[in-house]
Amino acid sequence: MPALTATRSCFFVGNYLSLRIFSRLQKSVSFHTSLPVFSKVGHETEPLTLTSLGLKSETETTTGNEKNRLQHGVSTLEFPKSKRKKVGSNREKLVAAKKSPDIPAAPFAAQSFSELGLPPLLVDRLEKEGFKVPTDVQAAAIPTILKRRDVVIQSYTGSGKTLAYLLPILSGIGPLKEDSSTFDEPKIKSEIEAVIVAPSRELGMQIVREVEKLLGPSDKKLVQQLVGGANRSRQEDALKKNKPVIVVGTPGRIAEISTAGKLHTHSCRYLVLDEVDELLAFNFREDMHRILEHVGRRSGTGQQGSNRSQGWQPERQTIMVSATVPFSVIRAARSWANDPLLVQAKSVSTLESVSSAGPINFPGTTSNSSSSSNYQKLPAVQSLPPNLQHYFFVTRKQHKVDALRRCVHALDAKSSIAFMNHTKQLKDAVYKLKARGIKAAELHGDLSKLARSTILKKFKDGEVRVLLTNELSARGLDVPECDLVVNLELPTDSVHYAHRAGRTGRLGRKGTVVSICEDPEVYVVKKLQKQLGILIQGCDFTEGKLLVTEEEKMLKSVRQ
Ligand SMILES: Nc1ncnc2c1ncn2[C@@H]1O[C@H](COP(=O)(O)OP(=O)(O)OP(=O)(O)O)[C@@H](O)[C@H]1O
């Protein structure tokens with residue numbers, strides 16, 4: 001327990017520090033001053049819905065909103081068509097009143113990607129790749145981003161957030177974009193048009209593969225990975241030679257190459273911060289500062305106005321994404337983005353609807369916070385996929401790996417990820433599992449980039465049945481076949497639980513999460529259960545089956 005307590009306090013201290021540092025950073029960077037100011041007026045006739053974002057017909061939406069209004073009893077954020085302003089040459093901005101905090105959930109009934117306003121070439125490519133129907137978060141995010149709005153996208157793990165931002169970006173840049181006459185050509189040909197930042201190499205590489213898949217073999221060089229751990233000069237050469245329009249990388253490597261003057265992003269049109277709450281961490285602060293200052297920014301913020309009047313100042317669209325959005329992200333979004341909207345699976349709302357009293361949809365928020373009574377309240381479970389079953393099993397420390405083995409057999413799990421908090425113990429656990437005939441491998445940050453991608457490939461191909469890993473793999477890792485997540489050591493808090501658990505049950509699939517803990521840790525499980533608003537049932541592995549057990553019975557058998 002002391003170890004657990006220490007880790008937990010480290011996490012909270014870390015969070016506190018990052019909040020403080022980022023609030024300072026926000027002051028020093030002062031993005032508000034460098035962004036165009038849009039007037040906000042309070043008029044009322046048309047709610048901000050998919051219709052106002054140009055997706056659905058007026059009739060459909062009016063009916064839908066009436067229905068929503070009745071169902072949810074919320075007031076709407078309204079503004080007349082005449083108050084929509086055009087800003088810049090091709091960038092339509094919706095000028096929205098901040099009079100009323102809530103915007104009703106619009107009926108997202110998109111049946112196809114083309115309905116969302118994506119260009120035919122891109123829709124064809126999606127069809128070929130087997131993507132036929134948009135997910136809810138895609139249906140909400142795509143039209144909003146196409147309207148050039150800055151956004152914070154929050155939706156549960158495995159709900160398709162990556163395509164939610166990639167598709168509108170590929171509609172605007174690269175070979176699949178809409179009729180080129182509707183878009184400005186980049187002013188400088190070798191400039192990068194989209195920068196996507198991810199906190200880990202694995203996630204960065206995964207996003208690259210997703211973009212490559214959509215671009216197709218002949219154009220895949222238009223996306224370049226800039227992740228740490230890979231050869232930097234090769235990345236710089238590739239930038240020079242291939243002139244990519246999109247780069248995807250980790251904060252450190254992007255900042256490094258940018259500082260060396262080898263990455264030209266001043267005219268960049270899109271900046272994506274994937275797993276944004278993780279990117280706010282203390283260790284990324286300097287690199288993120290550099291990225292936020294340089295991507296889509298001409299040097300000298302004081303000249304912004306004059307640059308714009310000369311008609312060449314690019315306007316960066318900032319897109320922030322995560323399953324968990326604590327209030328620090330909302331605060332960062334207000335500072336870094338331009339009047340951003342909060343996009344969730346079935347709603348688009350203003351950030352004003354988010355209470356500073358607590359994070360949005362943040363596992364850990366108590367639902368009875370009276371100070372947030374005027375604000376939108378969101379169930380904490382929204383970070384978690386809907387089809388997960390959660391269990392815990394109590395045993396002694398020395399029996400944990402054997403419990404993992406029994407758990408894998410009891411559930412007949414084909415592809416499992418087991419999390420531990422410290423790298424050192426992974427090897428030992430892998431050794432024990434292999435000795436019992438289970439194909440296992442370890443994945444952690446101390447391995448080389450090549451070793452990491454080889455192991456990940458083996459796991460994805462089914463050659464490794466149990467992947468023993470640490471927090472490195474908790475975010476973003478997409479292995480659709482993963483049917484079991486095991487916490488061999490408890491996560492430090494509910495946010496980490498949510499991201500770990502989210503490696504299974506992806507895109508509507510079923511999944512099981514089992515936390516294997518010691519007797520004194522049961523109270524932590526109870527706390528997680530309460531904070532996340534889920535049921536975590538006690539279980540046992542008897543005769544090759546997982547059986548739900550009474551807690552008292554389970555604890556009695558461990559204490560004997
Ligand atoms: N419209 C779609 N139709 C079918 N499959 C899809 C669709 N959109 C995304 N997917 C697939 O769903 C899986 C999960 O998507 P993705 O990794 O983007 O989820 P996510 O919400 O970003 O998850 P996390 O929060 O864990 O990062 C991926 O395998 C992706 O290819």
Side-chain angles (χ1 to χ4, degrees), residues 108-116 118 122-123 125-142 145 151-170 196-200 202-214 248 272-279 319-325 329 343-346 361-363 381-388 415 417 419 456 459-460 469 471-483 485 495-511 513:
F108 292 96
Q111 297 294 313
S112 67
F113 282 106
S114 51
E115 201 181 318
L116 299 176
L118 295 176
L122 186 51
V123 175
R125 190 58 58 80
L126 283 167
E127 288 263 331
K128 278 188 194 125
E129 291 299 330
F131 300 115
K132 296 198 165 57
V133 184
T135 65
D136 280 350
V137 71
Q138 290 162 1
I142 291 168
I145 299 173
V151 290
V152 175
I153 303 177
Q154 186 282 323
S155 177
Y156 62 82
T157 52
S159 57
K161 294 188 288 298
T162 317
L163 286 184
Y165 65 77
L166 281 185
L167 296 181
I169 291 177
L170 289 172
I196 301 172
V197 191
S200 75
E202 278 68 22
L203 183 54
M205 293 306 298
Q206 191 173 284
I207 298 166
V208 169
R209 280 193 294 275
E210 200 89 356
V211 184
E212 284 179 344
K213 205 158 69 178
L214 293 170
V248 184
V272 179
L273 309 178
D274 204 337
E275 303 293 347
V276 58
D277 50 332
E278 180 78 358
L279 292 174
I319 299 166
M320 304 179 174
V321 187
S322 185
T324 46
V325 174
V329 167
V343 176
Q344 295 181 294
K346 288 191 174 161
N361 182 27
F362 182 63
V381 282
Q382 275 183 17
S383 302
L384 288 163
N387 293 329
L388 291 192
S415 182
I417 303 182
F419 287 96
L456 209 45
F459 182 57
K460 287 182 175 177
T469 188
E471 230 52 50
L472 171 84
S473 311
R475 279 184 183 254
L477 191 71
D478 179 50
V479 182
E481 296 76 25
C482 175
D483 47 3
V485 163
V495 173
H496 288 76
Y497 184 98
H499 285 279
R500 285 179 176 193
R503 296 318 97 209
T504 185
R506 297 186 69 77
L507 209 75
R509 291 177 182 85
K510 286 184 177 164
V513 186

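Note that these values count all heavy atoms, side chains included, but never hydrogens, waters or copies made by symmetry. Numbers for residues simply follow the sequence, beginning at 1. Atoms within each ligand, like the ligands themselves, are counted from 1 in listed order.
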*Does the side chain of H499 come under 3.5 Å of the side chain of T324 through a donor N or O and an acceptor N or O?*
yes

*For the side chain of K161 and the backbone of Y156, is there at least one donor-acceptor N/O pair under 3.5 Å apart?*
yes

*Could you check which of G158, G476, G502, A498 puts a non-hydrogen atom nearest to atom 20 (P) of ligand 1?*
G158

*Could an N or O of ligand 1 be found under 3.5 Å from any N or O of K132, whether backbone or side chain?*
no

*Verify, without hydrogens or angle tests, whether R509 (side chain) and R506 (backbone) share a donor-acceptor contact under 3.5 angstrom.*
yes

*For residues L279 and V197, report the shortest heavy-atom separation together with the two atoms involved.*
CD1-O, 3.7 Å

*Near E210, which atoms of ligand 1 are under 4.0 Å from a heavy atom of that residue?*
31 (O)

*Is the shortest N/O to N/O distance between V133 and ligand 1 below 3.5 Å?*
yes

_Sidechain-backbone polar pair: Q138 side chain, T135 backbone, donor-acceptor under 3.5 Å_ = yes

*Looking only at N/O atoms, are D478 and ligand 1 under 3.5 Å apart anywhere?*
yes

*Quick one: are D136 and S159 in side-chain contact, heavy atoms under 4.5 Å?*
no

_Atoms of ligand 1, numbered as shown, that sit under 4.0 Å from any heavy atom of R503_ = 26 (O)

_Residue and atom name of the nearest protein heavy atom (relative to atom 19 (O) of ligand 1), distance in Å to one decimal_ = G160 N, 3.2 Å

_Only heavy atoms of L507, strictly under 4.0 Å: list the atoms of ligand 1 that pass._
4 (C), 5 (N), 6 (C), 10 (N), 11 (C), 12 (O)

_Give me the nearest non-hydrogen protein atom to atom 25 (O) of ligand 1 as residue plus atom name, then the distance to 0.1 Å._
K161 NZ, 2.7 Å

*Going by heavy-atom distance to atom 3 (N) of ligand 1, choose the closest among Y165, Y156, F113, F131.*
F131

*Check ligand 1 against T162 and write out every atom of the ligand that is under 4.0 Å from a heavy-atom position of the residue.*
16 (P), 17 (O), 18 (O), 22 (O)

*Check whether any side-chain N or O of Q154 sits under 3.5 Å from a backbone N or O of A323 as a donor-acceptor pair, and report yes or no.*
yes

*Looking only at protein heavy atoms, which one is nearest to atom 17 (O) of ligand 1, and how far off is it?*
R506 NH2, 3.0 Å

*How far is atom 8 (N) of ligand 1 from its nearest protein heavy atom, and which residue and atom is that?*
Q138 NE2, 2.8 Å

*Judged by modelled atom types alone, do D277 and S322 share a side-chain donor-acceptor pair under 3.5 Å?*
yes

*With atoms numbered from 1 as shown, which atoms in ligand 1 lie under 4.0 angstrom from a non-hydrogen atom of S159?*
19 (O), 20 (P), 21 (O)

*asked:* Given 3.5 Å as the limit, does a donor-acceptor pair link the side chain of Q206 with the main chain of D478, or not?
replied: yes

*State the atoms of ligand 1, each with its element, that fall below the 4.0 Å cut-off from a heavy-atom position in E275.*
27 (O)

*Under-4.0 Å salt bridge between E202 and R475*: no

